[in-house]
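Heavy-atom basis, side chains included; hydrogens, waters and symmetry copies ignored. Quantities reported herein were computed from a predicted structural model and do not represent experimental measurements.
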Amino acid sequence: MQPKTTSPLLLLLVLSCLLVLVFGESSPQKEFNIRPGFPEVVELEYKGLKCSFTYKCTGGSSEKWMITVEEDGNQVICNIGRPNPPSYILFTHFTAQLTSPSQKGVQEVEVWDNSGLVLENDQYTKKSDTVTSSSGWGGNLTLITMTTTK
């Protein structure tokens, strides 16, 4: 007679539930596929906040990306990025937006390409609650982080 074993999937589910119970609710997240040649919009809503990503890209095949919203004290952070950089997709254009009931706009932005941080006004612009690629945009993108106040 062999001893019973627990399914790894069941174990992972139980551990996830315990973490949520111990540390509070988990941050919302949404996985999506970036597909070249298809302009798309991805949105994630959470407690009246909305984080969205509109893009058009070329090259390569599809890649898995993630959009998350997390709270840190009085701040709300939206992350849009590839969980396993680098990205082989070339973005011809992107717009990221973080709207909140407070309508305070985006206070901080970081845009990363395959080499590191990209300079604001060099390759992208920030206006109120929106971050948009500019005419100097280089095409590579791995992460956008936008922060606002509740």
Check your understanding: Who passes ring-ring contact (aromatic ring centres under 6.0 Å, His included) against W137, sequence neighbours left out?
Key -> F94
Check your understanding: Any sub-3.5 Å donor-acceptor pair from T148's side-chain atoms to G105's backbone N or O?
Key -> yes
Check your understanding: Hey, is E43 close enough to K30 for a salt bridge, meaning N to O under 4.0 Å?
Key -> no
Review point. Taking only residues two or more places apart in sequence or in another chain, which ones pass ring-ring contact (aromatic ring centres under 6.0 Å, His included) with F53?
Key: Y55
Exercise for review: Can you sort out the partners of C57 under disulfide bond (SG atoms under 2.5 Å apart), two or more places apart, ordered by chain and number?
Suggested key: none
**Study point:** Heavy-atom check, side chain of T130 versus side chain of V106, under 4.5 Å
**Key:** no
Point to revise | Side-chain heavy atoms of T145 within contact of I77, under 4.5 Å | key: yes
Study note, to complete from the structure: Grouping ILVMFWY residues whenever side-chain heavy atoms fall under 4.5 Å, the cluster of L143 otherwise contains W112, L117
Check your understanding: Measuring from C51:SG to E70:CD, what's the distance to the nearest 0.5 Å?
Key -> 11.0 Å
Point to revise | Nearest-0.5 Å distance that lies between atom CG in L98 and atom NZ in K50 | key: 11.5 Å
Practice item. State whether a side-chain donor-acceptor pair under 3.5 Å links T149 with Q107. Key: yes
Review point. Under the criterion side chain to side chain contact (heavy atoms under 4.5 Å, CB included), which of D129, V131, V41 is the partner of Q97?
Key: D129
Exercise for review: Using a 4.5 Å cut-off on heavy atoms from C-beta on, say whether the side chain of E108 contacts that of Q75.
Suggested key: yes
Check your understanding: Between OG1 of T132 and CD of Q123, what distance do you get to the nearest 0.5 Å?
Key -> 14.0 Å
Check your understanding: Is there a side-chain contact between I80 and C78, using heavy atoms and a 4.5 Å cut-off?
Key -> yes
Exercise for review: Please identify each residue that fulfils side chain to side chain donor-acceptor pair (under 3.5 Å) with K64, with sequence neighbours left out.
Suggested key: none
Review point. Does the side chain of F91 come within less than 4.5 Å of K56's, by heavy atoms?
Key: no
Check your understanding: Counting only N and O atoms by type, is there a donor-acceptor contact under 3.5 Å from the side chain of K150 to the main-chain atoms of E71?
Key -> no
Check your understanding: Can you list every pair that meets disulfide (SG to SG under 2.5 Å) and has a residue in residues 80-121, with sequence neighbours left out?
Key -> none
